[in-house]
K.L.:
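A single structure is presented below for examination.
It should be emphasised that the depicted structure is a prediction, and the values quoted were computed from it without experimental measurement. Per chain, numbering begins at 1; letters A, B, ... match sequence-line order.
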Amino acid sequence: MTSEADVTREALGLACANVRAGAVADGFAGVVPQFVASPSSTGEAAGLLRAAAALGLAVVPRGGGSRLDWGTPPARCDLVIDTSAMNAVLEHAAGDLVARVQAGARMGHVAEVLAAAGQEVALDVPPDATAGGVIADALAGPRRLRYGSPRDLLIGITIVRPDGTVARAGGKVVKNVAGYDLGKLFAGSAGTLGLIAEATFRLHPLPAARAWVTATFPAPGPGGAGGARLPAGAGVAAVIAAAANSPLVPSAVELHWPGPGEAAAVGVLLEGSPDGVAARAGKMSELLATPASPASAASPGALPAGAGLAAAGTAPGWWRALPETAGVTLLRATFWVSALGAVLAAIGDFARDAGVAPAVHGPAGAGLLYVTLPGNVAPEHVDALVAAVRGVIPAGRGSCRIARADGRFREKKSLEEVPGAALMSAVREQFDPSGIMSPGRFIG
Amino acid sequence: MLSELARRLARAVGPRDVVTDPRELATYECDGLTSHRATPALVVFPRTAEQVAAVVRHCAQAGVPFVARGSGTGLSGGAVPHADGVVIALSKMRRVLEVDPVARRAVVEPGVTNLAVTQAVAQHGLFYAPDPSSQVICSVGGNVAENSGGAHCLKHGFTVNHVAGLEVVTPAGELTWLGDGTGVPGGYDLLGAFTGSEGTLGIVTKIIVKLTPAPEVVHLVLAGYKTIADGGRAVSEIIARGIVPAAIEMMDALSIEAAEAAVACGYPQDAGAVLLVELDGPAAEVEAELAAVREICTLAGATEVREADDPAQRAAIWRGRKAAFAAVGRLSPAYIVQDGVVPRTALGDVLARISALSLESGIRVANVFHAGDGNLHPLVLYNDAVEGEAERAEEVSGAILDACIEHGGSITGEHGVGLDKSKYMPKMFTAEDLDTMQLLRCAFDPAGLCNPGKIFPTPRLCGEVPGHRRAADGPARPGLEIF
């Protein structure tokens, strides 16, 4: 270690008891941090950021660490602030349906604590994910259709600014409009505005019963011109819209298509009381099988010949919180549900023309799909698919972006303008004028 | 200088849509909270987003403050103009531009009333969920500024949960979109941060709202109780059973008396409290919940339980609750409406504190509250003809907010901070909290011209005003592509 590193380490050590040199295992997206610090309190985290700011260190916050390779890799990383020692559930006010947790609390642990009172944070996220990471990456699974994403369930936040200032917004009551809602700003900020230290969530009662109604669309027969395409793309889109628009209050409407030659499935999750869920599952099955009425644009389409319908009390095998990401190239498409049919057709046409096998999965009823491509896919194929999907999404009403890719995509420049990008840039400059929080990850 | 601005604005929107007559200007001196007033220098009525942008650019060039105004129904003085400033009234931008029933989205202009959105989409079996009590008249643009709630936000959420895109004019006069209607942000969630910013970050010119499938059934239960505490026990038990009603409202004896006098709502005569519980959703779920709520209400000591499931019967029961604010005017020549929030489980303690404050001061307080989420609306009654009574009422009102803060609550649940409650912000937040919030203000409005003087008691100096950036200028931003 150089003497400069010793000085740095000593300065960081004054702020936080747990500082060590970065190891290869701490590396991500081609970056290995010089130091890793694990503060055990908001105060220690604030001291660390003050010290890092004084030393001009580039800082990347780390929760569960599972999505550090999403998005653009940071240009540099001198210090990883690991939140694993800030892992407590600080408060669970069951009668108020509110819980306050430290940023490093694992969502699986949080779920266990809340389940004791029959409550939950209604986000489907991996149990190893931390509260701070879930917020910073705006992660939400199938039930985003009914409950939204972290920004919709977050009612209070404590953050540490890049200069070490600790600030709080919101509170611990669900209904509260006092002051700007910084929780919204930090949800999805990917570690670029500051460190999330604590979060307060509104809770929901755990449902007494769940049922899944699944419509299965068989793959087209081999040899046909459409053999590589998504089965019955338009029928799939109509069934998804019908389910999502029904007054049966589905918690999730999920699409799963493993790839060319495979069947596609639409899963509808219903949650509530045992009797209520059973009755709603029956009605949902009827609804999905009923021919469309030309009178209403929102009405369902008939299931095509050969399609199957089933209801069950357990999730279909393919049901999962979030798509697998290790070693793949992952695209994220967002759209108005009225464009779903066109998006599916564009993906199907791409698969046929390019001879590449995409898998399509996600909460399509909420206007979001993940497209998974092999890790070694040719960049021109990725470009072609992104362009094809963008081409069918009306301007300003959705997007298709690379969510995760390997190093070959790092130098890609902006291809489309994000709405409000100039304001985002100004926000970033205000919160992090020296540009030390995850530099290069996002604007600035 | 203002006359030159008036000429420029007249060129931007047409001379007939600029108000300069002093008597007419006085119409815009306050919003729904009449205790704060200031007469603006000019009022303009743009008809398009481009006109709003042009008006804002002229104000920015002249260094003149401006404030957007919807229907003027706000209750925190948020739309009170600056005395030398411009009011940008959006009441001539009231078109529903598009309804997409498959995507469950509508695109509306800011002056459209809240209820008009639901009316425009009802034929598709959809509705717009946020429903502030003023929904017949209040504008969606105003709802976005205030992040309005309403009786049904307990289950259905607030405006911020139902807005998926905003076209805004920045305080520099540029048109930009925040959010694209998908509900999945690309980059920072400025749409979420903007909603509820009380008109201080820019002016909304188009709104993409999320629509919700209309519930299969709606049931309303009314229960009368001897005391608020009895009703409170019913509320706690409903929550403990895992039932999330669409609304849970409570009124005390004084509010019941006022409502009866005003609209003859026929609530139980001798009740010390009336509880309204509305359940909505799929029939199969609501029937089971209804049976449970009926049983809980009775076990908690209800003196009477009534039920209604058809729209007319429900409206008749809701009439008393919705009339409560105005009805209190019959009991008292003047009153203050508060909007404090406490954790629901602290409601009993805080109501006892309010009762004690009332006894000590001799100032009567009528209580109407959203019992499900702890949002209190104490109506502090006073006679402005009696010397010193207004001041005593203000003290009681302030002490109620202090009690809310002590119990971990908020000074405002849905009315906003505005001009009225900015002095309480330092009691709820530290100087660092307020400073950090204002970083957002500095990013949007470094010159501090967009509805100045609201929310924050002390404006933050934004330092050097950064150069005016345009999205199309400069190098492409690496990172946007795969963020």
K.L.:
For chain A, which candidate among P213(B), A164(B), G409(B) shows the most heavy-atom pairs at distances under 4.5 Å?
P.N.:
P213(B)
K.L.:
Nearest 0.5 Å please: distance from the CZ atom of R105(B) over to the OG atom of S338(A).
P.N.:
9.0 Å
K.L.:
Could you look at A244(A) and say if it's the side chain, the backbone, both or neither that has a heavy atom under 4.5 Å from chain B?
P.N.:
both
K.L.:
What are the two closest heavy atoms between G170(A) and F429(B), and how far apart are they?
P.N.:
O-CE2, 3.7 Å
K.L.:
So what's closer than 4.5 Å to chain A heavy atoms on L439(B): side chain, backbone, both or neither?
P.N.:
both
K.L.:
Ring centres under 6.0 Å, that's the criterion: do Y188(B) and F442(A) meet it?
P.N.:
yes
K.L.:
Show me the side-chain donor-acceptor pairs of residues 144-151 of chain B shorter than 3.5 Å, one per line, residues at least two apart or across chains.
P.N.:
{"from": "N147(B)", "atom 1": "OD1", "to": "T159(B)", "atom 2": "N", "distance (Å)": "3.3"}
{"from": "N147(B)", "atom 1": "OD1", "to": "V160(B)", "atom 2": "N", "distance (Å)": "2.9"}
{"from": "S148(B)", "atom 1": "OG", "to": "N143(B)", "atom 2": "ND2", "distance (Å)": "3.4"}

K.L.:
For D100(B), is it the side chain, the backbone, both or neither that has a heavy atom under 4.5 Å from a heavy atom of chain A?
P.N.:
side chain
K.L.:
F456(B) versus chain A, heavy atoms under 4.5 Å apart: side chain, backbone, both or neither?
P.N.:
side chain
K.L.:
Can you tell which of L185(A), V177(A), L368(A), L193(A) has the highest number of heavy-atom pairs within less than 4.5 Å of chain B?
P.N.:
V177(A)
K.L.:
Of the listed residues (L434(B), T212(B), T200(B)), which shares the most heavy-atom pairs with chain A below a 4.5 Å separation?
P.N.:
T200(B)
K.L.:
Between R241(B) and chain A, which part of the residue has a heavy atom less than 4.5 Å away: side chain, backbone, both or neither?
P.N.:
neither
K.L.:
For V217(B), is it the side chain, the backbone, both or neither that has a heavy atom under 4.5 Å from a heavy atom of chain A?
P.N.:
neither
K.L.:
Let me see the working for N375(B) and K175(A) under side-chain contact (heavy atoms from CB on, under 4.5 Å), right down to the final yes or no.
P.N.:
CA-CA 7 Å; N375(B) 186 192; K175(A) 201 169 178 184; 3.0 Å; yes
K.L.:
If you count heavy-atom pairs under 4.5 Å between each of A140(A), G148(A), G179(A) and chain B, which one has the most?
P.N.:
G179(A)
K.L.:
Do you know which of V168(B), T345(B), D435(B), T176(B) has the most heavy-atom pairs with chain A at a distance under 4.5 angstrom?
P.N.:
T345(B)
K.L.:
Would you mind checking which part of F335(A) comes under 4.5 Å of any heavy atom in chain B, side chain (CB onward), backbone (N, CA, C, O), both or neither?
P.N.:
backbone
K.L.:
Is chain A contacted by the side chain of I455(B), its backbone, both, or neither, given a heavy-atom distance below 4.5 Å?
P.N.:
side chain
K.L.:
For F158(B), which atoms come within 4.5 Å of any heavy atom of chain A: side chain, backbone, both, or neither?
P.N.:
side chain
K.L.:
Within this structure, what is the CG-CG distance for the pair L423(A) and L178(B), rounded to the nearest 0.5 Å?
P.N.:
6.5 Å
K.L.:
If I take atom CG from residue N176(A) and atom CE from residue M428(B), how far apart are they, to the nearest 0.5 angstrom?
P.N.:
4.0 Å
K.L.:
Could you tell me which of A178(A), P205(A), G95(A) has the largest number of non-hydrogen atom pairs under 4.5 Å with chain B?
P.N.:
A178(A)
K.L.:
Please flag which part of T158(A) lies under 4.5 Å from any non-hydrogen atom of chain B: side chain, backbone, both or neither.
P.N.:
neither
K.L.:
Just so I know, are the side chains of D275(A) and E287(B) near enough to count as touching, which here means a heavy-atom distance under 4.5 Å?
P.N.:
no
K.L.:
Relative to chain A, which segment of A240(B) carries a heavy atom at a distance below 4.5 Å: side chain, backbone, both, or neither?
P.N.:
neither
K.L.:
Verify side-chain contact (heavy atoms from CB on, under 4.5 Å) between V173(A) and D373(B), making sure each step is shown before the conclusion.
P.N.:
CA-CA 8 Å; V173(A) 285; D373(B) 50 31; over 6 Å; no
K.L.:
For the CG atom of L182(A) and the CE atom of M437(B), what is their distance to the nearest 0.5 Å?
P.N.:
5.5 Å
K.L.:
Heavy-atom distances under 4.5 Å only: say whether L331(A) touches chain B with side chain, backbone, both or neither.
P.N.:
neither
K.L.:
Please evaluate residues R144(A) and V184(B) with respect to the criterion side-chain contact (heavy atoms from CB on, under 4.5 Å), reporting the C-alpha separation (whole Å), side-chain torsions for both, the decisive distance (0.1 Å), and the verdict.
P.N.:
CA-CA 10 Å; R144(A) 68 183 304 136; V184(B) 185; 3.8 Å; yes
K.L.:
Do you know which of M425(B), Q123(B), E414(B) has the most heavy-atom pairs under 4.5 Å to chain A?
P.N.:
E414(B)
K.L.:
So which residue, I411(B), V286(B), L201(B), D339(B), ends up with the most heavy-atom pairs under 4.5 Å with chain A?
P.N.:
L201(B)
K.L.:
In Å and rounded to the nearest 0.5 Å, what is the CH2 to CZ distance from W177(B) to R397(A)?
P.N.:
7.5 Å
K.L.:
Can you tell me which portion of L154(B) sits under 4.5 Å from chain A's heavy atoms? Options are side chain, backbone, both or neither.
P.N.:
backbone
K.L.:
Please evaluate residues V427(A) and L190(B) with respect to the criterion side-chain contact (heavy atoms from CB on, under 4.5 Å), reporting the C-alpha separation (whole Å), side-chain torsions for both, the decisive distance (0.1 Å), and the verdict.
P.N.:
CA-CA 9 Å; V427(A) 167; L190(B) 298 185; 4.0 Å; yes
K.L.:
Picking from G171(A), S273(A), A117(A), which has the most non-hydrogen pairs under 4.5 angstrom with chain B?
P.N.:
S273(A)
K.L.:
By a 4.5 Å heavy-atom criterion (distance strictly below it), what part of P185(B) contacts chain A: side chain, backbone, both, or neither?
P.N.:
backbone
K.L.:
If you compare all heavy atoms of P247(A) against all heavy atoms of P282(B), which two are closest, and at what distance to 0.1 Å?
P.N.:
O-CG, 3.8 Å
K.L.:
Salt bridge check: are E216(B) and R280(A) linked by an N-O gap of less than 4.0 Å?
P.N.:
no
K.L.:
Between L97(A), D181(A), V174(A), which residue shows the highest count of heavy-atom pairs closer than 4.5 Å to chain B?
P.N.:
V174(A)
K.L.:
Hey, which of I243(B), V244(B), V341(B), L211(B) has the most heavy atom pairs under 4.5 Å with chain A?
P.N.:
V341(B)
K.L.:
Checking H370(B) against chain A: side chain, backbone, both or neither under 4.5 Å from a heavy atom?
P.N.:
side chain
K.L.:
Within the distance-only criterion (no hydrogens, no angle test), does the side chain of W336(A) pair as donor or acceptor with the backbone N or O of V102(B) below 3.5 angstrom?
P.N.:
no
K.L.:
Does the separation of the ring centres of Y180(A) and F194(B) fall below 6.0 angstrom?
P.N.:
no
K.L.:
Is it the side chain or the backbone of T334(A) that comes within 4.5 Å of chain B heavy atoms, both, or neither?
P.N.:
both
K.L.:
Decide whether R168(A) and T430(B) meet the rule of one side-chain donor and one side-chain acceptor closer than 3.5 Å.
P.N.:
no
K.L.:
Please lay out, stage by stage, how T436(B) and R161(A) fare under the test side-chain hydrogen bond (donor to acceptor under 3.5 Å, both in side chains).
P.N.:
CA-CA 8 Å; T436(B) 304; R161(A) 275 160 55 180; 2.7 Å; yes
K.L.:
Which atoms of A169(A) come close to chain B, meaning under 4.5 Å heavy atom to heavy atom: side chain ones, backbone ones, both, or neither?
P.N.:
both
K.L.:
Please list, chain by chain and in numerical order, all residues satisfying salt bridge (charged side-chain N to carboxylate O under 4.0 Å, His left out) with R151(A), sequence neighbours excluded.
P.N.:
D189(B)
K.L.:
With heavy-atom distances below 4.5 Å as the criterion, would you say the side chains of E285(B) and V277(A) are in contact?
P.N.:
yes
